[in-house]
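The structure appears below as structure tokens.
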Amino acid sequence: GKEHLPANKISNGSGTVVYKQYPGLMSRIESNIRISKERIRESADGQYYRQLLASLPAAVDITDQRNAEEYISRLAAIVESSDDAIISKTLDGIITSWNPAAEKLFGFTAKEMIGEPITMIIPDDKLDEEPKIIEQLKAGKKVDHFETKRIAKNGQLLDISLTISPVKNIEGTVIGASKIARDITQQ
């Protein structure tokens with residue numbers, strides 16, 4: 001019998017596209033290429049190959065992408081304009097975001113804090129809280145209105161109410177935490 005010869009060329013003639021058959025290739029290109037016909041062809045040396053008649057769309061609808069970008073932009077604006085300090089961190093306790101309200105409350109700029117451990121603002125006698133909070137977050141649990149103390153840049157001890165939520169990636173795995181801190185010192 002004749003052996004299968006995977007195609008490895010792209011033909012320019014009348015929209016014909018021929019490609020090697022690698023696992024997963026079709027799924028990667030299906031979103032951009034519209035297959036109109038598929039044929040098994042015999043080459044001049046008597047071997048078979050797969051020929052696809054395909055076309056590329058003239059326009060690609062990016063409405064979903066634009067909507068997602070606008071949604072993310074609105075969320076960022078909400079975080080930036082919030083009167084509450086909003087801080088995100090990894091599960092290792094490294095700060096990944098620090099909004100303007102956090103700058104105002106704690107006295108540290110975002111530049112000073114991003115990449116630093118959250119323990120910079122936790123008093124020594126409260127350091128045992130952090131591992132407990134991380135364990136709850138890893139279990140996907142939110143920590144609501146947790147009253148504690150934190151330290152400002154100037155050394156002032158602040159009474160804080162924290163709400164801490166797990167941050168999950170697209171697969172649903174907890175990858176970090178979002179903290180909302182409110183100063184309750186005056187209350």
Side-chain angles (χ1 to χ4, degrees), residues 24 27-33 56-187:
S27 63
R28 288 196 306 264
I29 65 169
E30 270 182 340
S31 61
N32 292 323
I33 295 179
L56 292 172
V60 177
D61 184 2
I62 61 166
T63 304
D64 290 341
Q65 181 180 345
R66 178 171 296 300
N67 287 344
E69 288 170 356
E70 288 175 0
Y71 178 74
I72 290 168
S73 178
R74 282 193 303 276
L75 286 178
I78 290 167
V79 170
E80 288 298 306
S81 65
S82 175
D83 287 336
D84 290 327
I86 302 175
I87 302 163
S88 63
K89 66 178 185 173
T90 66
L91 291 176
D92 296 324
I94 303 302
I95 297 167
T96 56
S97 70
W98 185 268
N99 77 341
E103 290 182 353
K104 183 177 176 185
L105 177 61
F106 295 106
F108 293 98
T109 66
K111 187 175 182 178
E112 290 173 296
M113 292 305 287
I114 293 174
E116 296 297 328
I118 194 70
T119 53
M120 282 183 64
I121 60 169
I122 301 176
D124 289 342
D125 65 335
K126 300 290 182 184
L127 286 173
D128 63 329
E129 295 173 351
E130 190 64 11
K132 293 173 188 172
I133 290 169
I134 294 295
E135 286 309 309
Q136 286 187 305
L137 294 169
K138 284 181 179 177
K141 297 178 183 173
K142 181 178 178 180
V143 179
D144 269 328
H145 306 293
F146 174 64
E147 293 187 8
T148 187
K149 300 210 181 277
R150 294 296 182 255
I151 305 169
K153 185 177 183 176
N154 65 8
Q156 179 185 358
L157 202 56
L158 304 170
D159 291 311
I160 299 288
S161 174
L162 293 174
T163 298
I164 309 160
S165 303
V167 173
K168 299 177 181 179
N169 66 13
I170 199 162
E171 289 87 29
T173 305
V174 177
I175 58 168
S178 171
K179 290 186 174 194
I180 299 175
R182 181 170 288 167
D183 185 1
I184 57 172
T185 304
Q186 303 302 323
Q187 295 180 1

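Residues: numbered from 1 along the sequence shown.
In this structure, Asp124 places its CG atom where only 12 or fewer heavy-atom neighbours from other residues, nucleotides or ligands lie under 6.0 Å away. In Asp125, the CG atom is crowded: over 12 heavy atoms of neighbouring residues, nucleotides or ligands sit closer than 6.0 Å.
Not a single side-chain hydrogen bond (donor to acceptor under 3.5 Å, both in side chains) links Lys132 to another residue, sequence neighbours left out. Residues passing the side-chain hydrogen bond (donor to acceptor under 3.5 Å, both in side chains) test with Ser97, sequence neighbours excluded: Ser88. Not counting sequence neighbours, Lys168 has no partner by the salt bridge (charged side-chain N to carboxylate O under 4.0 Å, His left out) test. Scanning for salt bridge (charged side-chain N to carboxylate O under 4.0 Å, His left out) contacts around Lys153 gives Glu112, with sequence neighbours left out.
For the pair Ile160 and Ala181, the tightest heavy-atom approach, listed with the atom from each and the gap, is CG2-CB, 3.8 Å. Heavy-atom minimum distance, Ser82 versus Ala101: O-CB, 3.3 Å. When all heavy atoms are compared, the tightest approach of Pro166 to Leu137 is N-CD2, 3.5 Å. Of all the heavy atoms in Ile151 and Pro123, the pair that sits closest is CD1-CA, 3.5 Å. Among all heavy-atom pairs drawn from Gly176 and Leu91, the shortest one is N-CG, 3.9 Å.
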side-chain contact (heavy atoms from CB on, under 4.5 Å) between Thr163 and Val143, intermediate numbers included
CA-CA 6 Å; Thr163 298; Val143 179; over 6 Å; no
Apply side-chain contact (heavy atoms from CB on, under 4.5 Å) to Leu162 and Ile180, showing your working.
CA-CA 6 Å; Leu162 293 174; Ile180 299 175; over 6 Å; no
With side-chain contact (heavy atoms from CB on, under 4.5 Å) as the criterion, how do Met120 and Phe108 come out once you've worked through the C-alpha distance, each side chain's angles and the decisive distance to 0.1 Å?
CA-CA 10 Å; Met120 282 183 64; Phe108 293 98; 4.1 Å; yes
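The NZ atom of Lys149 sits 3.5 Å away from the CG atom of Asp159 when rounded to the nearest 0.5 Å. Rounding to the nearest 0.5 angstrom, the gap separating the CZ atom in Arg150 from the OG1 atom in Thr119 is 10.0 Å. To the nearest 0.5 Å, atoms CG (Asn99) and CD1 (Ile86) are separated by 5.0 Å. Rounding to the nearest 0.5 Å places CD1 of Ile94 at 12.5 Å from CD1 of Ile114. Taken to the nearest 0.5 Å, the CD1 atom of Ile164 stands 7.0 Å off from the CZ atom of Phe146. The CD1 atom of Ile95 sits 8.5 Å away from the NZ atom of Lys179 when rounded to the nearest 0.5 Å.
No donor-acceptor distance shorter than 3.5 angstrom exists from the side chain of Asp84 to the backbone of Arg182, with no hydrogens or angles considered. The backbone N or O of Glu69 lies less than 3.5 Å from no partner atom in the side chain of Ser73, so there is not a single donor-acceptor pair.
For the pair Pro100 and Glu80, the minimum side-chain heavy-atom distance is below 4.5 Å.
A ring pair (Phe, Tyr, Trp, His ring centres under 6.0 Å) check over residues 76-106, counting only residues at least two apart or in different chains, returns the pairs Trp98-Phe106. For residues 85-111, the pairs satisfying salt bridge (charged side-chain N to carboxylate O under 4.0 Å, His left out) are Lys89-Glu130, with sequence neighbours left out.
The side chain to side chain contact (heavy atoms under 4.5 Å, CB included) with Thr96 is formed by just one residue from the set Ile175, Thr90, Ile87; it is Thr90.
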